[in-house]
Amino acid sequence: MKSTATTMDAYQLLHKGALALARAERQGIRIDMEYCEKKKAHLTRKIEYLTKKVEASPLYSAWSGLYHNKTNIDSNPQLSRVLYKSMGITPPKVTGNGEGSTDEDTLGKIEGVPALEWILEMRKLRKIRDTYLEAFIREQHDGYIHPFFNLHTVRTYRSSSDRPNFQNIPKRDKEAKRITRRALLPRPGHMLIEADYSGIEVSISACYHKDPVMIKYINDPSSDMHLDMARQIYLMPDLLKEGPGKLLRQSAKNGFVFPQFYGDYYANNAAGICEWAKLPSGRWRPGQGVASPTGGTVSDHFISKGITSYDQFVEHIKAIEADFWGRRFQVYSKWKESWVAQYQKRGYLDMYTGFRCSGIMKKNEVVNYPIQGSAFHCLLWSFIRLDEIMRKENWDTRLIGQIHDSIIMDVNPDELDYVKQVTTRVATEELPAAWKWINVPLSIDIDEYGVDQPWI
DNA sequence: GGAACTCGCCAC
DNA sequence: AAACGTGGCGAGTTCC
């Protein structure tokens, strides 16, 4: 049943992986240079306009009064001093070093200083221009970027990417996504596709802890762990995935379930969920928060259920956390304990994929490393195998990159159906056949982006 | 003038 | 008692 890998197997995976990734690096990704230059100039004009607005604000008067000819609108330490020392505002949040924070969340909480909104907008546009478009222009050669994919830099034996980093191109923010991804093109006459493993870290975690409740969630497509958690958190037993329930499910997934898997705890979760649901701190009043499927808003619903303040909500989430690990996923919880105990006894941990992590680790790291590492190794194995088939069968299609649980390909449209079929077979049949420790079904999604269309 | 640091922010 | 896992990178700043 076990038949896990040896150190030599792990070495072979790294060796073959490095070769397959090098071929993708050499292939590269086509860049629309004309677009990048045009958009960069456009963003620069917008940033200059916002700069002028800030310079005409009362905030800037205080700022330049402090710093004179050293005044720098891009300096967060300067902004922190102006707001929290000079203007006497109490910092809504502080950084790890005890300085008043100037991140988006914090500035958003400060009222009566309209220039802060313009500063946040400038920050966002600068990020898009300087981290992405400029990097594409700087790193391109003959119209193609060649991001590196490293296998030797990450403690968990995941990968990293640099020059430029191909693994952090915006996806959540609609505007940033559109502007940056419009710069990336397939070769002329080709198209881009992205094949991603669905919920691979959850599936791989189940291979380690073998929790029957989790395995049932994975095996039964009609069940939905995140929806069940949303029902429990929002005290709505009949909540549906569609309509207004969609946002509540998302808040449960990204505000509770995933953070809990990474080792977070209820107080942070309560804050996270309230951010999603737009619920305030302090006492709750009717009409606050996002729309509720039960009618009215979520604060209306919570008040009707007896939860009338943020503090009461924290206690509610505390009880849900205790239920999550003490009842729902108790086998998972026991595995975490014994896995940590085993590490403390031996001083190292072994992954099913043959890799060993040693050295001083925190509990959360001990639990997370094998899951994160092994999940990526599933992707790497699939990447190597696809690269092998692609070359043996002389495909015109090319592998061009990888983002931890997904593979990006530059596809000849005539080969599309076949490429999709082989990719699905490799990822969902060949891999589980090769690695016997995989005890749950794996599935992938393939997104297609049309001929000469941006990867969005 | 470069190394090392902090902070903020993008991804999984 | 503790309390979110893994990265890269740009800008500002400080140190040597």
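On a predicted model such as this, the values are computed, not experimentally measured, just so you know. Values reported hereafter were calculated over all heavy atoms of this structure, with side chains retained and with hydrogens, waters and symmetry mates removed. So that the names make sense, note that chain A is the first sequence line, chain B the second, and so on, each numbered from 1.
- Distance from the side chain of A:T153 is smallest for C:dG7 among the nucleotides C:dG5, B:dA11, C:dG7.
- The nucleotide whose nearest atom lies closest to any side-chain atom of A:R158 is, among C:dT6, C:dA11, C:dC4, C:dT6.
- At B:dG8, none of the side-chain N or O atoms of A:K124 fall inside 4.0 Å of OP1 or OP2 (strictly under the cut-off).
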Look for any protein N or O under 3.5 Å of an N or O in nucleotides 13-16 of chain C and output each such pair with its distance, or none.
residue: C:dT13; atom: OP1; partner: A:S75; partner atom: OG; Å: 2.7

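- More than 12 heavy atoms of other residues, nucleotides or ligands lie within 6.0 Å of CD in A:E430, so this atom counts as buried by the packing criterion.
- A:D410 pairs with exactly one of A:R398, A:R187, A:R30 by the salt bridge (Lys or Arg N to Asp or Glu O under 4.0 Å) rule, that one being A:R187.
- A sub-4.0 Å separation between OP1 or OP2 of B:dC12 and a side-chain N or O of A:R172 is present.
- Close to C:dT6, at under 4.0 Å from its OP1 or OP2, lies no side-chain N or O of A:T156.
- When heavy atoms are screened at a 4.0 angstrom cut-off, A:P170 is found touching the sugar-phosphate backbone but no base atom.
- Looking at A:Y343, its side chain does come within 3.5 Å of a backbone N or O of A:M361 through a donor-acceptor pair.
- Set against C:dG7, B:dC7, C:dG12, the side chain of A:E99 has B:dC7 as its closest nucleotide.
- The pair A:K177-A:D173 does not meet the salt-bridge criterion, since no charged nitrogen lies less than 4.0 angstrom from a carboxylate oxygen.
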